[in-house]
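All heavy atoms count here, side chains included; hydrogens, waters and symmetry mates do not.
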Amino acid sequence: MSTTERTFIAIKPDGVQRGLVSKIIERFEVRGYKLVAIKMVQPTQEHLETHYQDLKTKPFFAGLIQYMKSGPIVAMVWEGLDAVRQGRAMLGATNPLQSAPGSIRGDFCIQTGRNICHGSDSVESANHEISLWFKEDELCSYKHNSQNLIYE
């Protein structure tokens, strides 16, 4: 069953540096999701290690942290029906070469290490990541003007 929920999406340094921020935001807006928080940040190593704590034992962990520190990241929270699962589908497979054309990764990147976006993989992860990247007062709650045109 689909539910209205929030998801965390981050545009990684490669997406920011390549000028893809507006294209990625547009994909979520056109789909009908509501942006409830956004900011550009350059996180610390400690912040990134907390965010990626589930990958700490992976051989690529140190390189991932260094890369994520290499430039600004655009952190966002999107809200809507089944936002976590649909957000992941919109991003495409972690390995861009396995991502379908039409997905963000399928259209804009080639290698896993430069896959331009992060998206929460579960509602629990989304809630944790949102609280890690945003204070409660940075999240906006509002009724979008187009809500009745998107939802029955």
Side-chain angles (χ1 to χ4, degrees), residues 1-58 60-94 99 103-105 108-109 112-152:
M1 175 182 279
S2 299
T3 59
T4 299
E5 57 201 19
R6 289 180 171 175
T7 191
F8 176 76
I9 302 290
I11 303 174
K12 297 177 180 179
D14 52 329
V16 173
Q17 292 288 335
R18 291 178 55 204
L20 298 173
V21 173
S22 64
K23 292 178 187 304
I24 294 166
I25 290 172
E26 180 182 33
R27 298 274 183 116
F28 283 87
E29 288 180 328
V30 169
R31 179 72 188 260
Y33 289 105
K34 178 174 66 173
L35 183 63
V36 298
I38 185 170
K39 63 182 169 182
M40 181 178 272
V41 295
Q42 201 145 3
T44 64
Q45 179 154 338
E46 180 182 25
H47 188 96
L48 290 166
E49 286 176 355
T50 301
H51 177 83
Y52 286 114
Q53 66 188 353
D54 60 321
L55 302 175
K56 200 167 209 134
T57 61
K58 302 291 184 183
F60 58 82
F61 182 75
L64 171 64
I65 299 303
Q66 285 308 113
Y67 181 69
M68 293 296 288
K69 284 177 32 182
S70 72
I73 294 168
V74 174
M76 302 174 286
V77 178
W78 291 91
E79 182 179 276
L81 192 62
D82 207 22
V84 172
R85 189 168 56 92
Q86 294 305 318
R88 295 281 292 187
M90 290 170 63
L91 293 181
T94 301
S99 293
S103 68
I104 291 168
R105 291 176 178 147
F108 299 129
C109 51
T112 302
R114 301 294 183 264
N115 66 5
I116 69 173
C117 289
H118 166 85
S120 299
D121 61 6
S122 69
V123 173
E124 295 76 25
S125 292
N127 291 335
H128 172 73
E129 291 170 352
I130 291 167
S131 69
L132 180 63
W133 291 85
F134 292 93
K135 297 175 188 155
E136 188 64 35
D137 65 355
E138 294 177 305
L139 302 171
C140 298
S141 293
Y142 63 100
K143 181 178 178 183
H144 198 281
N145 290 334
S146 66
Q147 183 173 330
N148 294 334
L149 302 172
I150 296 169
Y151 296 103
E152 295 178 26

Once you round to the nearest 0.5 Å, how far does [atom1] of [X] lie from [atom2] of [Y]?
X: Asp121; Y: Arg88; atom1: CG; atom2: CZ; result: 5.0 Å
X: Tyr33; Y: Asp82; atom1: OH; atom2: CG; result: 6.0 Å
X: His144; Y: Glu79; atom1: NE2; atom2: CD; result: 11.0 Å
X: Met90; Y: Thr7; atom1: CE; atom2: OG1; result: 10.5 Å
X: Arg114; Y: Arg18; atom1: CZ; atom2: CZ; result: 11.5 Å
X: Leu91; Y: Ser99; atom1: CG; atom2: OG; result: 8.5 Å

For [Y], does its backbone N or O pair with a side-chain atom of [X] as donor and acceptor, under 3.5 Å?
X: Ser125; Y: Ser120; value: no
X: Lys69; Y: Leu48; value: no
X: Arg31; Y: Gln86; value: no
X: Glu5; Y: Val84; value: yes
X: Arg6; Y: Ala126; value: no
X: Arg105; Y: Cys117; value: yes
X: Tyr151; Y: Ser146; value: no

Flag side-chain contact, heavy atom, 4.5 Å: [X] against [Y]:
X: Val74; Y: Ile24; result: no
X: Met68; Y: Gln45; result: no
X: Trp78; Y: Val36; result: no

task: Go through Phe8 and His128 one step at a time and tell me if the side-chain contact (heavy atoms from CB on, under 4.5 Å) criterion holds.
output: CA-CA 9 Å; Phe8 176 76; His128 172 73; over 6 Å; no
query: Step by step, would you call Ile73 with Val16 a side-chain contact (heavy atoms from CB on, under 4.5 Å)?
result: CA-CA 7 Å; Ile73 294 168; Val16 173; 5.7 Å; no
- request: Please indicate whether Asn145 has more than 12 foreign heavy atoms, meaning atoms of other residues, nucleotides or ligands, lying under 6.0 Å from its CG.
  value: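 For Asn145, atom CG is not crowded (no more than 12 foreign heavy atoms under 6.0 Å).
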- prompt: According to the interplanar angle, ranging from 0 to 90°, do the rings of Trp133 and His51 count as parallel (below 30°), tilted (30 to 60°) or perpendicular (above 60°)?
  reply: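 Perpendicular: the ring planes of Trp133 and His51 meet at over 60°.
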- prompt: What orientation do His118 and Tyr52 show, parallel under 30°, tilted 30 to 60°, or perpendicular over 60°?
  reply: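 It falls in the perpendicular class, over 60°.
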What heavy-atom pair brings [X] and [Y] nearest, and what distance separates the two atoms?
X: Leu132; Y: Thr50; value: CD1-CG2, 3.8 Å
X: Phe60; Y: Leu55; value: CE1-CD1, 4.0 Å
X: Pro13; Y: Gly71; value: CG-O, 3.7 Å

message: The test is side-chain contact (heavy atoms from CB on, under 4.5 Å); show your working for Ile104 and Phe28 and say whether it passes.
response: CA-CA 10 Å; Ile104 291 168; Phe28 283 87; 3.8 Å; yes
query: Cation over ring, Lys12 on Tyr67, under 6.0 Å and within 45°?
result: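 Because its charged atom misses either the 6.0 Å distance or the 45° angle limit, Lys12 does not stack over Tyr67.
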